[in-house]
Structures are given as C-alpha cells and as structure tokens.
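Just so you know, these numbers come straight off a predicted model, no measurement behind them.
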Amino acid sequence: MSVERIFDELGHFKRFQACLYFAAVFQAVSCGIHYLASVFLVETPNFVCSVPGNITDVLYGNWNASSLEGILPVFKSGSGPLVVRTDLGQQWELSRCRCALRVNPEDFRYEFNGNKTVKACGGNFVYDHTEVYQSIVTEWDLVCDREWLAKLCQPTFMLGVLIGALLFGDIADRVGRVKILMFTSLCQFGFGVSVAFSGNYYLFVVLRFILAMVSSGYLVVVFVYVTEFTGNKVRTWTSMHVHAAFALGIMVVALTGYLVRVWWIYQIILSICTSPFLIFCWKFPETPFYLMAKGRYQETQALLDTISRFNGLECRLKAEELLEPEKIENGKALLKQETEERTPQPEKKLSILDLFGSWRMAGRTCTVWAIWFIGSLGYYVFSLGSVNLGGNQYINLFLAGAVEFPSYLVGCFAMDRIGRKKTCAPALLLAGVACMLIIVVPADIEALAIALSMTGKFAIAIAFGLIYLYTCELYPTIIRSLAVGSGSMMCRVGSVVAPFCVYLADIWQYLPQLIVGILAFIIGVLTLLLPETLGEPLTTTLEEAESLGRKSSKEKSALREKDGEDGMELRQRGASA
C-alpha cells in the first residue's frame, strides 16, 4: 500500500511510534486482568452445612477440635463427614450438601450405627476462610444445587468476548480506531468498578458480560491500531507482543488474588490498575491508514508533521504524494469503464464458501481453523486450570502468565528464521506431548506436573501468537479478511468452550489436559501439511494461494540446478583463462 511509504520516510518504530505503542499496550493489560479475574472471583473454599445451635466439639477421623474453623482446612469432600456436638446436646454428621441428625446417641464418637435423620442444608453453610475470606460463592451461597450458577460466570463472560469482538471490530472501521479505544477503555474502568458493587448474582453476571464486550473490543482494535502505526520491519514483533501485555494482566491477577482475599476489593483494585491510561488516551491520534481511507488529507498531513517533529526528522513527505498511485489506478479504472461500457462485468461477491473453493483450499481452511480453535482452547485451559494442579494456586497462575514472555520471544525469532510452519507444528506437538506426560506424573510430584503444564502453556502460546500472521499469508488478498475473521470466530468458540473443559477436572483432575493434548497433537501433525510462507510474497489470487508449497520445492530444486550449472561454467571459464 502507498501509505506504507510513511514508515520508510519517518521510521518504522521510532520515538513517536514507541510512545504510542507502549501506551496502547499498557491498557491491554486490563484485558488480561478481566479475562482471568474469575479464577478467584468464583473460587469455592471448603464448606459444610450449618446446624442450629453453637458447636462445642468436632470430630473428623483422627482430628478433633472445638470449632469447625479448626477442622475445615483439612476437610476433604467424599472422605467422610464431620461429626459435631452442639450446646443443645445434639450430634450432627455434616457433609457439603447434607446433614444428618443422630437419633439417641449414647456417647460422642466418630462411628455411629444408629438411626439418623437426613436433611438438606437449606441454604445455611459454613465456609473455610483460610484461603478465601469472601468470594461471590460465599457471598451468595453458590454451592450444591446453585453450583452451576458459579460455573456459568466464565462461559458467559467468554460469550461477551465473542460478541464484543464482532461488534467493536465493525464499528472501529466506521467511526475510527481512537474513538473505540477511548470508549472501551472508559467502559472497562466504569463497568469493572461497577461489578464490585453488584448487589446480587444476576446483576453481577450482566455487568461482567458487558465488561467482557468492551474488553474484547479494546483488544481487537488495539491490534489494528498498533499495526497501522508500525512499519513492516517490526510489525511481527509489535503484533506478537500485544499478547505479552495480556500475560502481564494474568500475573497481576495472581498477585492481587494473593494479597486481597475479599472479592469486591479485589475487583476494584484490578479495575483501577490501568486507570492512568484514561488521563492521556484522549491525546491519541487517529491512524494514517484510516485518515487516508476516509479522505481526511489535512489531518493526515498534520499527523505526518507531528510524527516527523517528534522523531527529530524533517518531513518531506506530503499527504498528496500518498495518493498518486491511487489516482493512476483510478484513471485506469475510469478509462477501462469507458471502453467496456457496453459489456460491464459484475463484481463477484465473496462468501465463506470461497475458503473451500477446492479440495486443497478446503483442507487448508479446516487446518487453520483447527489451529485457531486449539490455540484459544489450550491457552485458557492452561490459564484457568493452573489453579487445580496442586501446590500454591497463586504461584501457578503467576507462572502461567510469566511463561508467555519467553514464548513470544522464541516465537518471533523462530518465525523469521525457520519459518511459520516449522514453528507452529513443533509448538503444537510439544504442547500435546506435555499434556500427555502430565497424566502419567505421580500425584505426589506436584512440581513436575506444574512444570509440564507451564511447558504446555509456553508451546501453545507460540502457536496462538503466530496464527494471525500465518493466516494472512496463507490466503490471497480477495479473501484474506474473510479468512482472518472466520479464524477469529473459531478462536472465540474455543474461548467459550474452555471453561466447560476446565470443569471436567471435577470428573478427573487431568481430563482437561488430556483433551487439549490429544487435539494439539493431531492438529500439530496436520499443520505439517500446510505450505511454508516465509519469504513468499503475499498472494493476490486464489490460483496463487493454491500454488503455495506446490511449486516451491520444484522451483528450489531448479534454482539449485541452475546455480550448480552457473558455478561449473564459471569454474570452466576460470580454468580456461
């Protein structure tokens, strides 16, 4: 595009672009915060039924205490009830969702073979406040027959992410990137704080749903914004490392969750973490690509002057110069229209079916969609499920965020040196192998299970980070946006499915990793069938896109033969000379 000349003249990533980039990415931290905040918002501590009267004695196996608070930290559901005695002389056997009153007990013992009157809890519970002082689960008793309400929070949030990506991505193309960045940033702060003051569960879910929409909107638009302000020499790095800001948000969630154990204070602190961005985001300029597309040439020239002045350069580039190639093309188009006035050619309308125009393209599309899906599914399963691996849940989540930083560095280096396919496929295969190994690790070696989980997260983050660029290079110009958009849809589907996959840990602790591991390994093998795009020009037609990988090996062998013949001819000339 002609607008790309701006970066050749004024720098691909100089002072002006760097300031804008880091400011915009700073607010992306809040997206990672809100996406993963539910890990501790809906945390369920140990609990048992409450009984009438004051408890004076408690028995649990070989343990005994004078209050439930002394026993609940070691209580395990399914291993037997808690036996309590009240000041009224009653003896109760307590479990999580039921309680049983012993009929005419003779003495206070753990074992009892007499008659019991079993009752439901009736909404009265006692919670262990050792790890979690107050979450929405303890606030609104989202346990037993109401447990599904707590588990619905994250899938509902991810549904909001899906809708927000579709909604704000379209609006940003209509009204501009900056207005959406400002609006979604303000809404993230406003709705984030409002969640803390929701008086009931249903208002909490609604506010979180809206918060998900605006957070997703910001994350989608900020990718476009930083891409349109950085040159192609650094675009791979800048687009990949927006994900790093998201990972930093995960680390902030872990740190805040460790320090603050009251859910509404925790929510307020998380919401104000990036509030300084609101002070200066109104100074953000619109991108030159958008201004030129909308014909706002004076504003474009003012922006060029600002960039050059800030970068310490002399601006010799004029906005009109960026239009010259377009004017030539427009003139040619008008001339062609006049000569073919009698036989107009109707423009072909493209649809998602064009992604499946041939068997080769259909296989490519299915594989690319699968990478988008497993990238998102694996990313959130590893992040959300890190707290279930044993050990310290706060350290686990912190590591799940920290491990992404080296993954993006490795991913960027590998993409530009060994290629997209040779980076994506091994990453998915490594994630699959790591998941399989987690399953065979003995239960008492928690550190090894955590290390393997972090390895899986490291590998899946590489594949998740590069698939956007890889998709752009695999499809021609006429359906490139359609391909990326449909892939992004599959990504959002993966994020909606991920919480339900994590909940399968209630059936078996490592079932989520097993599912992700099998899918990642299969899709990693399929990725090996995709063509390599490193060093290849972007294709413009379906025929060119289909030929990717088909002719490359033949052309390379032909070039090697030609180089060999040329080298031999030079040696012969040298010998004769």
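When side chains are defined from C-beta on, E532 counts as touching R420, because their heavy atoms get closer than 4.5 Å. For the pair T423 and R417, the minimum side-chain heavy-atom distance is 4.5 Å or more. The closest side-chain heavy-atom distance from Q267 to H34 is below 4.5 Å. Side-chain atoms of Q27 and V222, non-hydrogen and from C-beta on, never get closer than 4.5 Å to each other. Looking at W237 and T230, their side chains never come closer than 4.5 Å, going by heavy atoms from C-beta outward. Using a 4.5 Å cut-off on side-chain heavy atoms (C-beta onward), C435 and L514 make no contact. The shortest distance between side-chain heavy atoms of E139 and W263 falls below 4.5 Å. Contact check for V253 versus Y266: side-chain heavy atoms found under the 4.5 Å cut-off.
No donor-acceptor distance shorter than 3.5 angstrom exists from the side chain of S216 to the backbone of A212, with no hydrogens or angles considered. Judged by distance alone, with hydrogens and angles left aside, the side-chain atoms of R208 form no donor-acceptor pair with the main-chain N or O of G192 at under 3.5 Å. Distance alone, capped at 3.5 Å, is enough to place a donor-acceptor pair between the S194 side chain and the G190 backbone. Although no hydrogens or angles enter the test, the distance criterion places a donor-acceptor pair under 3.5 Å between the side chain of R15 and the main chain of F310.
Remark: E131 pairs with R261 by the salt bridge (charged side-chain N to carboxylate O under 4.0 Å, His left out) rule, at least two apart or across chains. Residues passing the side-chain contact (heavy atoms from CB on, under 4.5 Å) test with D128, sequence neighbours excluded: N46, L72, P73, T130. Every residue two or more places apart in sequence or in another chain that forms a side-chain contact (heavy atoms from CB on, under 4.5 Å) with N392 is listed here: Y394, I395. For Y133, the ring-ring contact (aromatic ring centres under 6.0 Å, His included) partners two or more places apart in sequence, or in a different chain, are H129. Taking the side-chain contact (heavy atoms from CB on, under 4.5 Å) definition, one finds that Q509 meets it with nothing, sequence neighbours left out. C144 pairs by the side-chain contact (heavy atoms from CB on, under 4.5 Å) definition with F47, C97, F125, not counting sequence neighbours. Annotation: salt bridge (charged side-chain N to carboxylate O under 4.0 Å, His left out) contacts of D145 (sequence neighbours excluded): none. Looking at residues two or more places apart in sequence or on another chain, you find no side chain to side chain donor-acceptor pair (under 3.5 Å) involving S198.
Aromatic ring centroids of F204 and W264 lie 6.0 Å or more apart. Residues Y225 and Y218 keep their aromatic ring centres 6.0 Å or farther apart.
A distance of 8.0 Å separates CG of L186 from SG of C281, quoted to the nearest 0.5 Å. The structure places SG of C424 at 9.5 Å from CD1 of I462, a figure rounded to the nearest 0.5 Å. Distance OG/S453 to CG/L437: 12.0 Å, rounded to 0.5 Å. If you take CD1 on I33 and CD1 on I250, they are separated by 10.5 Å, rounding to the nearest 0.5 Å. Note that the CD1 atom of I136 and the CG atom of L41 stand 6.5 Å from one another [nearest 0.5 Å]. Rounding to the nearest 0.5 Å places CD1 of I371 at 12.5 Å from SG of C491.
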Trace of the side chain to side chain contact (heavy atoms under 4.5 Å, CB included) decision for F75 with R96: CA-CA 10 Å; F75 172 69; R96 285 198 161 186; 4.2 Å; yes
Working note: L167 + M213, criterion side chain to side chain contact (heavy atoms under 4.5 Å, CB included); need CA distance, chi angles, decisive distance, verdict. CA-CA 8 Å; L167 180 65; M213 290 176 59; 3.8 Å; yes
What do the steps show when you test T533 against K421 for side chain to side chain contact (heavy atoms under 4.5 Å, CB included), and what is the final call? CA-CA 8 Å; T533 59; K421 178 177 72 172; over 6 Å; no
Please determine whether ring-ring contact (aromatic ring centres under 6.0 Å, His included) holds for the pair F405 and Y408, giving the CA-CA distance in whole Å, both sets of side-chain angles, and the decisive distance to 0.1 Å. CA-CA 6 Å; F405 289 91; Y408 298 133; 7.6 Å; no
Under the side chain to side chain contact (heavy atoms under 4.5 Å, CB included) criterion, do R177 and F284 qualify, and how do the steps go? CA-CA 10 Å; R177 286 80 165 100; F284 273 28; over 6 Å; no
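A donor-acceptor contact under 3.5 angstrom links the side chains of Q188 and S215, judged on distance only. A donor and an acceptor atom, one from each side chain of Y201 and D141, are nowhere located under 3.5 Å apart. The closest side-chain donor-acceptor pair between Y475 and T365 falls under 3.5 angstrom. In summary, the side chains of S135 and E43 do not present any donor paired with an acceptor at a separation below 3.5 Å, with no hydrogens or angles considered.
Pairs of residues two or more places apart, or lying in two chains, that qualify as ring-ring contact (aromatic ring centres under 6.0 Å, His included) and include a residue from residues 152-194 are Y35-F157. Contacts classified as side chain to side chain donor-acceptor pair (under 3.5 Å) and involving residues 372-387 (residues at least two apart or in different chains) are given here: W372-T471, Y379-E404, S383-K457. Residue pairs meeting the disulfide (SG to SG under 2.5 Å) criterion with at least one partner in residues 163-223, sequence neighbours excluded, do not occur; the list is empty. Residue pairs meeting the side chain to side chain donor-acceptor pair (under 3.5 Å) criterion with at least one partner in residues 276-288, sequence neighbours excluded, are E228-T287.
When every heavy atom of V175 is checked against every heavy atom of K179, the shortest pair comes out as O-CD, 3.5 Å. In this structure, L377 and C501 approach most closely via the heavy-atom pair CD1-CB, 4.4 Å. When all heavy atoms are compared, the tightest approach of T184 to V214 is CB-O, 3.4 Å. Of all heavy-atom pairs between V516 and G378, the closest is CG1-CA, 3.9 Å. Here the closest non-hydrogen pair linking A402 and P406 is O-CD, 3.3 Å. Contact record, H241 with C412: CE1-SG, 3.7 Å, taken as the closest heavy-atom pair.
Within 6.0 Å of OH on Y258 lie no more than 12 heavy atoms contributed by other residues, nucleotides or ligands. Summarising the local packing, CE of M489 is surrounded by 12 or fewer heavy atoms from other residues, nucleotides or ligands at distances under 6.0 Å. Within a 6.0 Å radius of NZ in K151, other residues, nucleotides and ligands contribute more than 12 heavy atoms.
Y21 pairs with exactly one of F229, F16, F13, F223 by the ring-ring contact (aromatic ring centres under 6.0 Å, His included) rule, that one being F13.
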